[in-house]
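First up is the structure itself, then whatever we jot down about it.
Values reported hereafter were calculated over all heavy atoms of this structure, with side chains retained and with hydrogens, waters and symmetry mates removed. These figures come from a predicted structure and were not determined experimentally.
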Amino acid sequence: QVQLVESGGELVQPGGSLRLSCAASGFTVVSYAMTPMSWYRQAPGKERVLVAHIGSAGDSLNYADSVKGRFTISRNNAEKTLYLQMNSLKPEDTAVYYCKADVLYGPDLWGQGTQVTVSS
């Protein structure tokens with residue numbers, strides 16, 4: 001069974017940095033390397049929104065305006081892992097962060113989420 005598991009969410013002070021990881025299991029290396037991936041987040045009382053997207057080969061990078069210049073999405077296809085490097089964190093970045101596999105020939109796959117809290 002395919003599964004995504006996020007990790008790395010913590011309490012961090014404004015201006016700090018975090019690196020989130022999303023480990024995929026149940027994929028072959030080949031199938032994972034064919035799958036575009038995204039990070040989403042959902043703040044309390046807000047809709048879930050796209051944060052960043054990356055193509056299957058690490059191309060087609062796209063970021064929400066709110067995180068552009070501060071966040072970097074990357075992937076290691078050999079390790080079947082997606083990353084989100086978050087710098088210069090702000091309180092408004094507080095949210096549950098989810099990774100999503102944009103499965104080409106089936107339903108999209110979501111992880112369980114990891115909590116990021118930016119507060120002094």
Would you check if [X] and [Y] make a side-chain contact, meaning some heavy-atom pair closer than 4.5 Å?
{"X": "N87", "Y": "S17", "result": "yes"}
{"X": "L18", "Y": "V116", "result": "yes"}
{"X": "M86", "Y": "D93", "result": "no"}
{"X": "M37", "Y": "I73", "result": "no"}

Mind listing the closest non-hydrogen atom pair of S56 and A33 along with its distance? CB-O, 3.2 Å
Identify the two heavy atoms, one from A43 and one from A95, that lie closest to each other, and give their separation to 0.1 Å.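 In this case the closest contact between A43 and A95 is N-CB, 3.7 Å.
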Can you see whether [X] engages [Y] through a side-chain donor-acceptor pair at a distance of less than 3.5 angstrom?
{"X": "E79", "Y": "N77", "value": "no"}
{"X": "S38", "Y": "D102", "value": "yes"}
{"X": "N76", "Y": "T81", "value": "no"}

Between [X] and [Y], is there a shared hydrophobic cluster once you connect ILVMFWY residues whose side-chain heavy atoms come closer than 4.5 Å?
{"X": "L89", "Y": "V96", "value": "no"}
{"X": "Y97", "Y": "V5", "value": "no"}
{"X": "L61", "Y": "F71", "value": "yes"}

Between R70 and K90, does a side-chain contact (heavy atoms from CB on, under 4.5 Å) hold up when you go through it step by step? CA-CA 10 Å; R70 299 188 297 120; K90 305 174 180 179; 3.9 Å; yes
Could you check W39 against V67 for side-chain contact (heavy atoms from CB on, under 4.5 Å), going step by step and ending with a plain yes or no? CA-CA 12 Å; W39 286 99; V67 308; over 6 Å; no
Judged by atom type as modelled, is there a donor-acceptor pair below 3.5 Å linking the side chain of [X] to the main-chain atoms of [Y]?
{"X": "Q13", "Y": "S119", "value": "no"}
{"X": "R75", "Y": "G55", "value": "yes"}
{"X": "T114", "Y": "G9", "value": "yes"}
{"X": "T94", "Y": "V118", "value": "yes"}
{"X": "E6", "Y": "C99", "value": "yes"}

Any chance you could measure [X], atom [atom1], to [Y], atom [atom2], to the nearest 0.5 Å?
{"X": "S66", "Y": "L50", "atom1": "OG", "atom2": "CG", "value": "9.5 Å"}
{"X": "L4", "Y": "K100", "atom1": "CG", "atom2": "NZ", "value": "11.5 Å"}
{"X": "K46", "Y": "E92", "atom1": "NZ", "atom2": "CD", "value": "11.0 Å"}
{"X": "S60", "Y": "I54", "atom1": "OG", "atom2": "CD1", "value": "9.0 Å"}

Holding to side-chain contact (heavy atoms from CB on, under 4.5 Å), I want the full list of residues that pass it with [X], two or more places apart in sequence or in another chain.
{"X": "L104", "value": "P36"}
{"X": "K68", "value": "Y63, D65"}
{"X": "V2", "value": "F27, L109"}

May I ask you to check whether Y40 and W110 place their ring centers less than 6.0 Å from one another? yes
Taking the six-membered ring of Y98, is NZ or CZ of R41 closer than 6.0 Å to its centre and within 45° of its axis?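 No.
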